[in-house]
Amino acid sequence: MSRLSAHGSSKSNGRIREIHRCRECGWQTAKWVGRCGECQSWGTITDTAAPVGREVRPGPVTVPAVPITEVTGSEAAAESTGLGELDRVLGGGLVAGSVILLSGEPGVGKSTLLLDLASRMANRSPVLYVTGEESAAQVRLRAERIGALQSNLLLTAESNLATVLGHIEQAQPALVIVDSVQTISTPTVEGVVGGVSQIREVATALIAIAKRSSAAMILVGHVTKDGGVAGPRTLEHLVDVVLSIEGDPQTRLRLVRAAKNRYGPADEVGCFELSEAGIRELVDPSE
């Protein structure tokens, strides 16, 4: 009897357990279902082998824990962006080491807003603008049109994650703008550019270097047909702030809202006007 029990246990232990994962958001379930329980997408559940669990042992402590009364809050102080409407939505400005996800439909003005922001911040400290969708010359032409040329504004057209990380290490900027996160990829991870696995790996690496270097980072994200951020929904949980820019293509009014904000309220709305000359604040929306 004991032999049979042992044999049965061994056979069970040798069996590879399968799980089902959503391609869109990474949600997992033991049984296959037609609709994801997290993002509610249909037909996105696929079979995959369950990861092998490993015991995590205590490691050496590099920085000892200190009483909260001895922790200084100066490093988390917000720095003004130069745009009062955006500062109000962010909760005062940009916080060093924070990661912001900005989403919006194509042509709504994401790149124009961020280029204007980068120019203002470059007056005080270096800013690195990474463009994965346009060439450096195209971004330069837009900067000329809206008056955003600054010698402290560093520009690179790059889509390789390792190279982007190298630029950040070399430039040591106070602000990094990645336009967009779906265009950056790494050969160390399988999957198409912009796919779930690629976006998750790229975002994780960028967030890690932002926290380590204390550089504020803004990641531009595409949106799906239903208005959600394309890629894994876990990306929204990893970042500190989730912003969206909205507006009717037939009008010049643009609204910036915060769906999530660890540093301020999430019910503020910033009003802007988009034109050929760039984007400007609308302190009085009745204009």
Q. Testing Val178, Leu219, Leu206, Ile218 for side chain to side chain contact (heavy atoms under 4.5 Å, CB included) with Val99, which one passes?
A. Leu219

(Q) I'd like to know if Val176 and Val127 are part of one continuous hydrophobic network [Ile/Leu/Val/Met/Phe/Trp/Tyr, side-chain heavy atoms within less than 4.5 Å]. (A) no

Q: Identify the heavy atoms of Pro173 and Ala215 that sit nearest to each other, and give their distance.
A: O-CB, 3.3 Å

(Q) Any heavy-atom pair between the side chains of Arg280 and Phe272 that's under 4.5 Å? (A) no

Q) Are Ile245 and Leu113 side-chain neighbours, meaning at least one heavy-atom pair lies under 4.5 Å? A) yes

Q. What heavy-atom pair brings Gln150 and Asn123 nearest, and what distance separates the two atoms?
A. NE2-OD1, 3.1 Å

Q) Is the side chain of Lys260 donor-acceptor paired with the backbone N or O of Val241 at a distance under 3.5 Å, no angle test? A) no

Q) If Ile, Leu, Val, Met, Phe, Trp and Tyr residues are connected whenever their side-chain heavy atoms lie under 4.5 Å apart, and connections chain through other members, are Leu274 and Val139 in the same group? A) yes

Q: Could you walk me through whether Val220 and Val181 pass the side-chain contact (heavy atoms from CB on, under 4.5 Å) test, one step at a time?
A: CA-CA 6 Å; Val220 178; Val181 67; over 6 Å; no

Q) What distance separates Leu101 CG from Leu238 CG, expressed to the nearest 0.5 Å? A) 10.0 Å

Q: Determine the minimum heavy-atom distance between Ala205 and Leu161, stating which atoms define it.
A: CB-CD2, 3.9 Å

Q: Measure the spacing between CD1 of Ile19 and CG of Asp47 and express it to the nearest 0.5 Å.
A: 10.0 Å

Q. Is the backbone of Gly132 close enough, under 3.5 Å, to the side chain of Asp179 for a donor and an acceptor to pair up by distance?
A. no

**Q.** Leu86 with Tyr129, same ILVMFWY side-chain cluster at under 4.5 Å
**A.** yes

(Q) Let me confirm one number: the OG1-NE2 distance from Thr46 to His20, rounded to the nearest 0.5 Å. (A) 8.5 Å

Q. Are Val256 and Val269 close enough that some pair of their side-chain heavy atoms sits under 4.5 Å apart?
A. no

**Q.** Under 3.5 Å donor-acceptor, Gln198 side chain and Val189 backbone
**A.** yes

Check: residues 63-72 side-chain donor-acceptor pairs under 3.5 Å, at least two apart:
from	atom 1	to	atom 2	distance (Å)
Thr72	OG1	Ser74	N	3.3
Thr72	OG1	Ser74	OG	3.1

Q. Is there a donor-acceptor pair closer than 3.5 Å between any side-chain N or O of Glu281 and the backbone N or O of Val283?
A. no

Q | Sub-4.5 Å side-chain heavy-atom contact between Arg140 and Leu149 | A | yes

Q: Applying side-chain contact (heavy atoms from CB on, under 4.5 Å), run through Glu158 and Ile184 and close with a yes or a no.
A: CA-CA 8 Å; Glu158 187 56 60; Ile184 309 299; 5.9 Å; no

Q: Go through the structure and list residues passing side-chain hydrogen bond (donor to acceptor under 3.5 Å, both in side chains) with Asp87, not counting sequence neighbours.
A: Ser80, Thr81

Q) Which heavy-atom pair separates Leu255 from Cys271 by the least distance, and what is that distance? A) CD2-SG, 3.7 Å

Q) With hydrophobic residues grouped by side-chain heavy-atom distances under 4.5 Å, do Leu115 and Met217 end up in a single group? A) no

Q. Heavy atoms, side chains only, cut-off 4.5 Å: are Ile100 and Leu243 in contact?
A. yes

Q) Checking side-chain contact (heavy atoms from CB on, under 4.5 Å) for the pair Ile199/Leu235: CA distance, chi angles, key distance, verdict? A) CA-CA 8 Å; Ile199 293 179; Leu235 181 60; 4.0 Å; yes

Q | Side chain Arg145, main chain Glu276, donor-acceptor under 3.5 Å | A | yes

Q: Please report the closest heavy-atom contact between Gly221 and Gln182, naming both atoms and the distance.
A: CA-OE1, 3.5 Å

Q: Report the distance from atom CG of Asp240 to atom CD1 of Ile207, rounding to the nearest 0.5 Å.
A: 7.5 Å

Q) Hey, is CZ on Arg252 packed in by over 12 heavy atoms from elsewhere, all under 6.0 Å? A) no

(Q) Arg35: which residues meet the side chain to side chain contact (heavy atoms under 4.5 Å, CB included) condition with it, sequence neighbours left out? (A) Gln40, Trp42

Q) Between Glu246 and Arg257, is there a salt bridge with N-O shorter than 4.0 Å? A) yes

Q) Within the side chain of Ser119, is there an N or O that forms a donor-acceptor pair under 3.5 Å with the backbone of Asp116? A) no

Q: May I ask you to decide if Gly109's main-chain N or O and Arg254's side chain share a donor-acceptor pair within less than 3.5 Å?
A: no

Q: Evaluate the side-chain proximity of Arg21 to Thr44: yes if any heavy-atom separation is below 4.5 Å, no if none is.
A: no

Q) Taking side chain as C-beta onward, heavy atoms only, is Arg142 less than 4.5 Å from Ser111? A) yes

Q.
Counting C-beta onward and ignoring hydrogens, is there a side-chain heavy-atom pair between Glu169 and His167 closer than 4.5 Å?
A. no

Q) Do the side chain of Lys110 and the main chain of Glu105 share a donor and acceptor less than 3.5 angstrom apart? A) yes

Q) Once you round to the nearest 0.5 Å, how far does CG of Leu282 lie from CG of Leu253? A) 6.5 Å

Q | Closest contact, heavy atoms only, Ser125 versus Asn152 | A | C-ND2, 3.4 Å

Q) Can you check side chain to side chain donor-acceptor pair (under 3.5 Å) on Glu133 and Ser180, steps first, answer last? A) CA-CA 7 Å; Glu133 299 185 345; Ser180 65; 3.1 Å; yes

Q: Applying side-chain contact (heavy atoms from CB on, under 4.5 Å), run through Leu94 and Met121 and close with a yes or a no.
A: CA-CA 10 Å; Leu94 292 174; Met121 296 292 293; 3.9 Å; yes

Q) Honestly curious: do Leu165 and Ile177 fall in one hydrophobic cluster under the side-chain, below-4.5 Å linking rule? A) no

(Q) If I take atom CG from residue Leu114 and atom OG1 from residue Thr131, how far apart are they, to the nearest 0.5 angstrom? (A) 11.0 Å

